[in-house]
Number of protein chains: 2
Amino acid sequence: MVGGMQSRTPASRTGRPRSAAADAAILAATREALVELGWSKLTLGDVATRAGVAKTTLYRRWAGKNELVVDAVAELFDELQLPDRGSLAADIEGVVLQFAAILARPEAKSGLMAVVAEATRDDALRERIRASIVDRQMRLVLAGRARAQRRGELPPEPDPGESARTLDLIFDVVAGAVVHRTLVSGKPADEEWVRSFTRLLLLGLTAQPAGQAATAPSRPAGHGTTAPSPPAEAGGGRA
Amino acid sequence: MVGGMQSRTPASRTGRPRSAAADAAILAATREALVELGWSKLTLGDVATRAGVAKTTLYRRWAGKNELVVDAVAELFDELQLPDRGSLAADIEGVVLQFAAILARPEAKSGLMAVVAEATRDDALRERIRASIVDRQMRLVLAGRARAQRRGELPPEPDPGESARTLDLIFDVVAGAVVHRTLVSGKPADEEWVRSFTRLLLLGLTAQPAGQAATAPSRPAGHGTTAPSPPAEAGGGRA
DNA sequence: GGCATTACGCTACGGGTCGTAGCGAAAGCT
DNA sequence: AGCTTTCGCTACGACCCGTAGCGTAATGCC
């Protein structure tokens with residue numbers, strides 16, 4: 001669930017309740033229209049017709065096209081998981097492939113970039129995107145790093161400020177590279193590419209400058225998608 | 001110059017020539033409108049008025065909003081240069097800072113992502129973006145790598161296929177990270193961030209997995225913007 | 001100079017979308 | 001029952017789109 005806008009029903013318990021089915025139908029219709037028409041040719045009247053609701057109903061729940069598409073696209077990212085694949089490299093490859101699979105869908109392609117573009121002039125929209133899309137991805141990066149630190153694949157970060165900056169950097173590199181590969185370069189982020197990217201990222205995070213000795217990692221950060229996942233405690237799902 | 005669409009004047013030498021001043025005025029007006037209104041509220045009628053030309057004149061030169069904004073934004077990237085700062089690290093930091101400075105401008109923010117979003121459903125538009133914007137950036141990456149290889153900071157790539165794939169990877173990582181940092185995370189790609197990013201990228205490209213010895217680089221790829229640029233041309237032979 | 005050709009400015013137009021107002025009916029709660 | 005809120009529907013002014021038509025301006029060719 002997105003849980004973005006109709007969470008305001010605490011005081012008003014009386015009256016006819018809003019149809020939850022209508023919300024789902026509208027968001028599904030929005031994604032359908034994104035696939036068929038793209039962002040620019042998508043009209044709210046058309047979405048309402050597809051969803052089987054009146055145009056006025058749609059306007060009662062969403063302020064406009066931007067907010068609607070953000071919520072519709074956000075649901076695509078609900079499926080993002082971080083299963084424990086045994087090594088940091090395998091974890092990265094797994095989640096990046098998931099992310100790439102979502103971005104490969106036409107409704108994500110045409111919708112996501114458009115709302116990001118609009119968000120450059122709309123702080124509220126930017127916050128909405130951050131809360132419903134970006135934060136979810138960020139949590140995966142955070143969880144993945146913590147897991148790798150428990151494994152000893154990444155050194156612990158004592159300084160919280162430096163830790164946060166590194167986290168931001170990793171996030172921008174990972175998400176940015178996949179988005180750029182998929183949407184700008186127009187080439188698929190397939191397994192081969194993801195392997196190369198993971199190697200680059202992992203070297204950048206763990207390796208020492210050429211000619212120096214290692215200090216932190218206690219094991220060689222074994223790399224490979226076929227690695228059999230040991231039990232590990234994991235705990236991928238959040239509360 | 002962009003040199004995108006009005007290059008078709010070889011056969012027809014007769015008649016009144018198109019006003020080059022009008023082109024410049026239209027593109028400048030487009031950027032101005034992007035700053036003030038953003039992508040979605042930008043109308044071609046308004047651009048024509050700002051430029052002091054008739055709306056029909058604008059339609060005679062550009063097929064629509066997408067193509068117009070691509071050309072208007074493309075001119076922003078004309079200033080991208082790759083001065084020799086002495087080391088690969090300094091070169092990367094310099095060009096990334098330039099790229100970040102362009103992306104920080106509001107006309108680039110709201111315009112670039114919007115046309116990229118539209119390009120997901122329009123192959124001709126995608127090609128236009130590639131030719132007038134992306135290629136220019138790609139050339140910088142290519143030139144930077146070649147220079148670093150001459151310096152001995154990067155190992156030569158014998159396999160052309162592998163070489164091309166690495167180049168694509170670097171490009172997507174660099175451009176993607178900066179774009180994501182600026183437009184999605186909404187934080188500035190300032191010098192501190194660029195330093196961290198460059199360190200990550202450079203380690204990923206040159207360093208060896210922790211615990212191993214160096215093989216390729218002949219010098220430690222000195223890093224830091226404050227480094228007094230050595231007279232370039234390290235030990236490595238030139239072209 | 002005259003002529004053909006192309007670009008330009010201007011006006012006007014049908015078509016489409018926007019976002020809202022107003023109404024009666026439906027669906028809950030107390 | 002009565003109250004409250006939502007829903008579907010219709011209609012509306014406002015705006016922008018993209019083009020057609022026309023007269024005028026600026027060039028090259030003869």
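Quick note: numbers below take in every heavy atom, side chains included, and nothing from hydrogens, waters or symmetry partners. In the text below, chain A, chain B and the rest are named by the order of the sequence lines, each starting its count at 1.
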**Student:** Can Arg61(B) and Asp23(B) be counted as an ion pair, charged N to O under 4.0 angstrom?
**Tutor:**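 Result for this pair is yes, salt bridge flagged.
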
**Student:** State whether Thr14(B) places a side-chain N or O below 4.0 Å from either non-bridging phosphate oxygen (OP1 or OP2) of dC29(D).
**Tutor:**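 For Thr14(B), the contact criterion (side-chain N or O under 4.0 Å from OP1 or OP2 of dC29(D)) is not met.
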
**Student:** What's the CH2-P distance between Trp62(B) and dT19(D), to the nearest Å?
**Tutor:**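 From Trp62(B) CH2 to dT19(D) P: 16 Å.
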
**Student:** Separation of Ile26(A) atom CD1 from dT6(D) atom C1', in whole Å?
**Tutor:**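 Distance, rounded to whole Å: 12 Å.
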
**Student:** Specify the separation, in whole Å, of atom CZ of Arg18(A) and atom P of dG8(D).
**Tutor:**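 Rounded to whole Å, this separation is 12 Å.
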
**Student:** Please, which pairs that meet ring pair (Phe, Tyr, Trp, His ring centres under 6.0 Å) have at least one residue in residues 123-147 of chain B, sequence neighbours excluded?
**Tutor:**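 The answer is none; no pair qualifies.
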
**Student:** Roughly how many Å is it from CG in Leu68(A) to P in dG19(C), rounded to a whole number?
**Tutor:**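 My rounded result for the distance is 12 Å.
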
**Student:** If you assign Pro17(B) and Lys65(B) each to the DNA chain D nucleotide with the nearest heavy atom, which residue ends up on the more 5' nucleotide?
**Tutor:**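 The residue mapped nearer the 5' terminus is Lys65(B).
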
**Student:** Which of these passes side chain to side chain contact (heavy atoms under 4.5 Å, CB included) with Leu140(A): Val174(A), Leu80(A), Asp91(A)?
**Tutor:**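 In the set Val174(A), Leu80(A), Asp91(A), the residue that makes a side chain to side chain contact (heavy atoms under 4.5 Å, CB included) with Leu140(A) is Leu80(A).
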
**Student:** dG9(C) base to Arg60(B) side chain: any donor-acceptor pair below 3.5 Å?
**Tutor:**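 Per atom types, the contact qualifies.
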
**Student:** For the residue pair Thr166(B) and Arg145(B), confirm or rule out a side-chain donor-acceptor distance under 3.5 Å.
**Tutor:**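 Distance-only check fails for Thr166(B) and Arg145(B).
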
**Student:** Take Phe171(A) and His180(B), measure what side-chain contact (heavy atoms from CB on, under 4.5 Å) needs, and give me the verdict at the end.
**Tutor:** CA-CA 9 Å; Phe171(A) 178 54; His180(B) 198 274; 3.6 Å; yes

**Student:** Between residues 43-56 of chain A and DNA chain C, which residues have a heavy-atom gap below 4.0 Å?
**Tutor:**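 Within this stretch, Thr43(A), Leu44(A), Gly45(A), Lys55(A), Thr56(A) sit under 4.0 Å of the strand.
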
**Student:** Nearest to the side chain of Arg16(B), which nucleotide is it out of dT6(D), dC3(D), dT6(C)?
**Tutor:**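 Closest nucleotide among those given: dT6(C).
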
**Student:** Check this for me, if you would: do Glu93(A) and Arg85(A) make a salt bridge, where the nitrogen-to-carboxylate-oxygen distance has to be below 4.0 angstrom?
**Tutor:**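 No, Glu93(A) and Arg85(A) are not salt-bridged.
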
**Student:** Could you give the CG-to-P distance, from Leu58(A) to dC18(C), as a whole number of Å?
**Tutor:**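 For the pair Leu58(A) CG and dC18(C) P, the rounded distance is 10 Å.
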
**Student:** Looking at the side chain of Tyr59(B), which of dT6(D), dC3(D), dC17(D) is the nearest nucleotide?
**Tutor:**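 So the side chain of Tyr59(B) is nearest to dC17(D).
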
**Student:** Please give, in whole Å, the distance from dC15(D) C1' to Leu42(B) CG?
**Tutor:**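 Those two atoms, CG and C1', are 15 Å apart.
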
**Student:** Within this structure, what is the CG-to-P distance between Asn66(B) and dC17(D), rounded to whole angstrom?
**Tutor:**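 The distance from CG of Asn66(B) to P of dC17(D) comes to 12 Å, rounded to the nearest Å.
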
**Student:** With the side chain counted from C-beta on, respond yes when Leu112(B) and Phe77(B) share a heavy-atom pair under 4.5 Å apart, and no when they do not.
**Tutor:**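 Of all side-chain heavy-atom pairs linking Phe77(B) with Leu112(B), at least one is under 4.5 Å.
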
